[in-house]
Amino acid sequence: QVLRKSLQKGFALSAGSFLVYEAHKLISGFAEVHASFRDLCLLCFHYCFKTLVFLFITSDDAELLWRLARASRDLAQLSSTSAEEKRQLAYEALEYAKKALEKNESNFAAHKWYGICLSDVGDFEGIKTKIGNAVVIKEHFQRAIELNPKDATTIHLIGIWCYSFAEMPWYQRKIAATLFATPPTSTFQEYAARSHIKLFSCLYTADPNFYSKNLLFLGKTYLKLNNKKMALLWLSKAKEYPAHTEEDKQV
């Protein structure tokens, strides 16, 4: 419905022609006849994203805006994206997520992606800013869970938050102490508890292995708890997880 209202016929045709032309250039440039299907998918995603930005940027629909934030972040995560583009996309994603929240504070996904994007921006602004944003990030994750208790991804993100503060080195704790009257703290036990909540949630949805990184952090947490048997179980699952994305490969 949004596309029908927003796209005029001429614009749609020109955008479609542009996609076909770019795909043709890519295929023509390959040394081999059989082009990589994945490369074509990424190309289409990249140019469709650029086209849809013009449509969604003025939208008042939080559902569209948080998806635009997610799409910006997805582009930033690609190995082919330059360092400067990653930075630009990270800040753009944060703006889209912020706008989604302004349009609908009761949208759980807007809170989730605002927290994610705020964390990403912290990577470019230094450890002091990242720690300073930590409480805000957790508040948005918690609000997202309040609005949608069954969202396994947000529960996983709370777990990552807890793990990060449990593993925080001494010099970062000193920075946190200067920023907060009561610095954020966590324990591996807290992370383990939250991870299992997430795991049970996934079991109920018949998808216990929904995310490779969650398997990795479950294994790392059990190592910290000195439970090597369970650590081996989850780390093995992480190792055997099909690597569909760049992040899966890193895991």
Side-chain angles (χ1 to χ4, degrees), residues 36-39 41-42 45-46 67 69-83 85-87 89-90 93 97 109 112-113 115-124 127 130 134 137-138 140-141 144-145 150-169 172 186-251:
S36 165
F37 180 70
R38 181 172 178 274
D39 287 341
C41 287
L42 289 175
F45 171 73
H46 179 75
R67 285 177 169 84
R70 182 178 67 181
S72 298
R73 187 177 187 273
D74 285 346
L75 276 178
Q77 299 297 312
L78 295 177
S79 59
S80 58
T81 304
S82 69
E85 287 177 318
K86 288 180 185 294
R87 181 186 180 92
L89 286 165
K112 175 170 70 175
W113 286 98
I116 292 171
C117 295
L118 187 60
S119 178
D120 288 344
V121 165
D123 292 337
F124 297 101
I127 190 64
K130 197 167 183 69
I137 291 169
K138 188 177 184 182
H140 282 283
F141 288 160
I145 291 175
K150 294 183 178 180
D151 184 57
T153 304
T154 312
I155 298 172
H156 163 79
L157 291 169
I158 285 282
I160 293 291
W161 190 98
C162 294
Y163 186 98
S164 298
F165 275 93
E167 200 179 37
M168 183 182 290
Q172 292 184 12
S186 186
T187 64
F188 289 109
Q189 286 80 6
E190 181 182 357
Y191 175 77
R194 291 191 180 279
S195 295
H196 281 95
I197 292 172
K198 194 260 357 132
L199 180 59
F200 294 147
S201 175
C202 286
L203 286 172
Y204 288 136
T205 58
D207 187 14
N209 298 332
F210 88 111
Y211 189 30
S212 60
K213 196 170 186 178
N214 192 72
L215 302 174
L216 172 66
F217 273 87
L218 274 167
K220 291 175 69 174
T221 301
Y222 275 116
L223 274 180
K224 294 292 184 181
L225 295 172
N226 203 31
N227 187 336
K228 295 183 179 180
K229 182 178 179 180
M230 290 301 294
L232 179 62
L233 170 67
W234 291 109
L235 292 175
S236 296
K237 288 180 180 293
K239 183 176 182 295
E240 295 163 3
Y241 193 94
H244 296 302
T245 68
E246 292 293 329
E247 192 171 43
D248 290 336
K249 294 176 184 177
Q250 293 172 9
V251 165

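Start at 1 with the first residue, then count along the sequence.
Distance check, rounded to the nearest 0.5 Å: SG of Cys162 to CG of Leu157 gives 11.0 Å. Between the CG atom in Asp120 and the OG atom in Ser72 there is a gap of 11.0 Å [rounded to 0.5 Å]. To the nearest 0.5 Å, atoms CG (Asp151) and NZ (Lys112) are separated by 4.0 Å. For the atom pair Leu89 CG and Leu75 CG, the distance stands at 5.5 Å (nearest 0.5 Å). Between atom OG of residue Ser212 and atom CD of residue Gln250 there is a gap of 9.5 Å, rounded to the nearest 0.5 Å. For the atom pair NZ (Lys239) and CG (Leu215), the distance works out to 13.5 Å, reported to the nearest 0.5 Å.
The salt bridge (Lys or Arg N to Asp or Glu O under 4.0 Å) test applied to Asp248 returns no partner, not counting sequence neighbours.
Looking at heavy atoms from C-beta onward, Lys228 lies in side-chain contact with Asn226 at the 4.5 angstrom threshold. At least one side-chain heavy atom of Glu167 sits less than 4.5 Å from a side-chain heavy atom of Lys224. Within the 4.5 Å cutoff, the side chain of Tyr211 has heavy atoms near those of the Glu247 side chain. For the pair Gln77/Arg73, a side-chain contact is recorded, criterion being any heavy-atom separation below 4.5 Å from C-beta on. Residues Tyr241 and Val251 are not in side-chain contact: their nearest non-hydrogen atoms beyond the backbone lie 4.5 Å or more apart. At a threshold of 4.5 Å between non-hydrogen side-chain atoms, the residues Leu235 and Leu218 do not count as touching. Side chains of Leu216 and Lys220 form a contact here, defined as non-hydrogen atoms less than 4.5 Å apart.
Between Ala90 and Phe124 the shortest heavy-atom distance is CB-CE1, 3.6 Å. Pairing each heavy atom of Ala97 with each of Ala69, the nearest pair is N-CB, 3.8 Å. The two residues Ala144 and Thr154 come nearest to each other via the heavy atoms CB-CG2, 3.7 Å. Across every non-hydrogen atom of Gly219 and Ala231, the tightest pair is O-CB, 3.4 Å. What you find for Ala76 and Thr81 is that their closest heavy atoms are O-CB, 4.1 Å.
A donor-acceptor pair under 3.5 Å links the side-chain atoms of Lys86 to the main chain of Leu78, judged by distance alone. The main-chain N or O of Ser119 is found under 3.5 Å from a side-chain atom of Lys130 such that the two form a donor-acceptor pair.
Tested against Phe141 for a side chain to side chain contact (heavy atoms under 4.5 Å, CB included), the candidates Ile116, Ile155, Ile160, Thr153 yield a single pass: Ile116.
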